[in-house]
Amino acid sequence: MKYISTRDKNLEMSFAEALLSGTAPDGGLPVFKNFPNDSLNLNEVLDLSYQELAVKIGLLLTDLSKEEMKSCVDKAYSNGFESSECPIAIKSVDNQIHILELFHGPTAAFKDMALQLLPQFIDLAVKKQKVDKEVCIVTATSGDTGSASIYGFSKSVNARTITVYPDKGISDVQRAQMENCGFDNSDLIKVDGCFDDAQRAVKSCLADSEFRQQVEANGSILTVANSMNIGRLIPQVVYYVYSYAELVRTGAIKLGECCDVAVPSGNFGNILAAWYAKKLGIPFRRFICASNENRVLADFFKTGIYDRRRDFVTTLSPSMDILVSSNLERLLFGLSNDANLVKELQEKLVTEGFFEFDVTGSGFLSGCANDNETIETIGSFYKETGYVLDPHTAVAIKVVADLKTDDTPVLVASTASPFKFPETVLKALGETSNFSLERLADISRMKMPEELSKVLKEGFKEVTLVPEKELINVLKRDVLNHEK
Ligand SMILES: *Cc1c(COP(=O)(O)O)cnc(C)c1O
């Protein structure tokens, strides 16, 4: 598989090049040059374990050999997850709502699914390119990507992570995971701003070719762990395919019957992976894109206008507090197959703050939930089913309830453990004074993730607050300032 830029079809990259550059050299995003449409045989898929399926899909979507892919997959999923057999779980609350739990990894959010595998890909790419350089992984995070990339790369000998996060909006657990994890190859930058400020700074460092040359001369390679990196997307396709097979195996659907997918969305990476799964041959019917009050994506799929000219809102689902959803660019390319158009639209987004694109017939539906609705949903869903949702998943459940018109089963991606947001969740369940993880474990009858309670018990580290105006300079200085 070769990759091309969403903004220039002639700009080709190998898997290793795409992994190590993150964004494409022209500022676009790497996408598959020849997507293997309908190449999965559903009958065959039914017989595969999670790991076997990950290898199969990896071979379709990358240029790695079977041995290489198998070794990466083994290292990623054989420990660190609650079960060494299968990193995900599906909880069917009734015949129609099937919750795809993606939060059983080391940091209790879905990002572990990709960020345990991405470091294996990157280690391999470094070996293959025979570069004796340190890989510096910069990550902009609204909470979950940061910790997942810090944990994912913690054992990587060649890599160092720099994580940029906003001081407001992230939960105490998320903060503790980044500040208290105790890995020495992790640096943190806390910005007095929001996630989009962090993401913009990271993107502009990557797009600055002069700066990248300076970094290389200095003995490092710069790349990102954000979902702009194609190595993040590929592992995410696997769980959608696996879940479909699992619904067939459990009798929830018959082989070949369609189901809908609902995803709480922010940077649009997770739901995009479901769309790629459909292209591989999985009969997904609708893609329900759920937003919180930062409803740029929800509005886009309703109106065909993507408009970031609005106020940023800090919500109870911080990992979806985003106004510029990077991966939408990949969908625009996938739907239009027109790199010039994508380039035009992205430039218009930068200069004018909006663009228009006709999404009718794309299969995407959307809706949103505000904080009150999120809280109400956590409470009512618990009353009806006994299942405790995290605030992000609750947004998706609310939108599914609003949009459901028939009996087609829905696979709802659950992107975080409720234990990452104990206070919000416990309040929604009616608790007034005890917001501890232990209390949540009592009520939910779910197992408390041990790593979370461990990092929460330590005092917070002092991390200097960087003014938004100085962010780019501080980030660049940190990237250059290394010892190898
Ligand atoms: C990152 C994240 C999301 C958003 O996922 P995208 O791929 O960016 O759309 C939703 N929920 C949680 C808990 C997350 O960590």
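FYI, the numbering just counts along the sequence from 1. Quick note: numbers below take in every heavy atom, side chains included, and nothing from hydrogens, waters or symmetry partners. Counting starts at 1 for both ligands and their atoms, following the listed order.
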- Query: Salt bridge or not for Arg7 and Glu347, using N-O below 4.0 Å?
  - Reply: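 No, no charged N to carboxylate O under 4.0 Å.
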
- Report the residues that fulfil side-chain hydrogen bond (donor to acceptor under 3.5 Å, both in side chains) with Gln236, sequence neighbours left out, ordered by chain and then residue number.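 For Gln236 there are no side-chain hydrogen bond (donor to acceptor under 3.5 Å, both in side chains) partners, ignoring immediate neighbours.
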
- Can you tell me which residue pairs pass the side-chain hydrogen bond (donor to acceptor under 3.5 Å, both in side chains) test with a partner in residues 104-124, sequence neighbours excluded?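 Every pair satisfying side-chain hydrogen bond (donor to acceptor under 3.5 Å, both in side chains) with a residue in residues 104-124: Glu82-His104, Glu101-His104, Thr107-Asp112, Asp123-Ser156.
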
- Item | Qualifying side-chain hydrogen bond (donor to acceptor under 3.5 Å, both in side chains) pairs with a residue from residues 284-312, counting only residues at least two apart or across chains |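 Residue pairs with at least one partner in residues 284-312: Asp260-Arg285, Arg285-Asp406, Arg285-Thr408, Asn292-Asn294, Asn292-Thr315, Asn292-Ser317, Asn292-Asp321, Asn294-Asp321, Arg295-Asp299, Asp299-Arg310, Asp307-Arg309.
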
- Query: Near ligand 1, which protein residues have a heavy atom under 4.0 Å away?
  - Reply: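 Ligand 1 is contacted, at a heavy-atom distance under 4.0 Å, by Phe110, Lys111, Asp144, Pro264, Ser265, Gly266, Asn267, Phe268, Gly269, Asn270, Ser319, Met320, His392, Thr415, Ala416.
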
- Query: Would a line drawn from the ring center of Phe287 to the ring center of Tyr240 be shorter than 6.0 Å?
  - Reply: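 Aromatic pair excluded; centres sit 6.0 Å or further apart.
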
- At what distance, to the nearest 0.5 angstrom, does CG of Leu53 lie from CG of Leu40?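 Separation between the atoms: 7.0 Å.
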
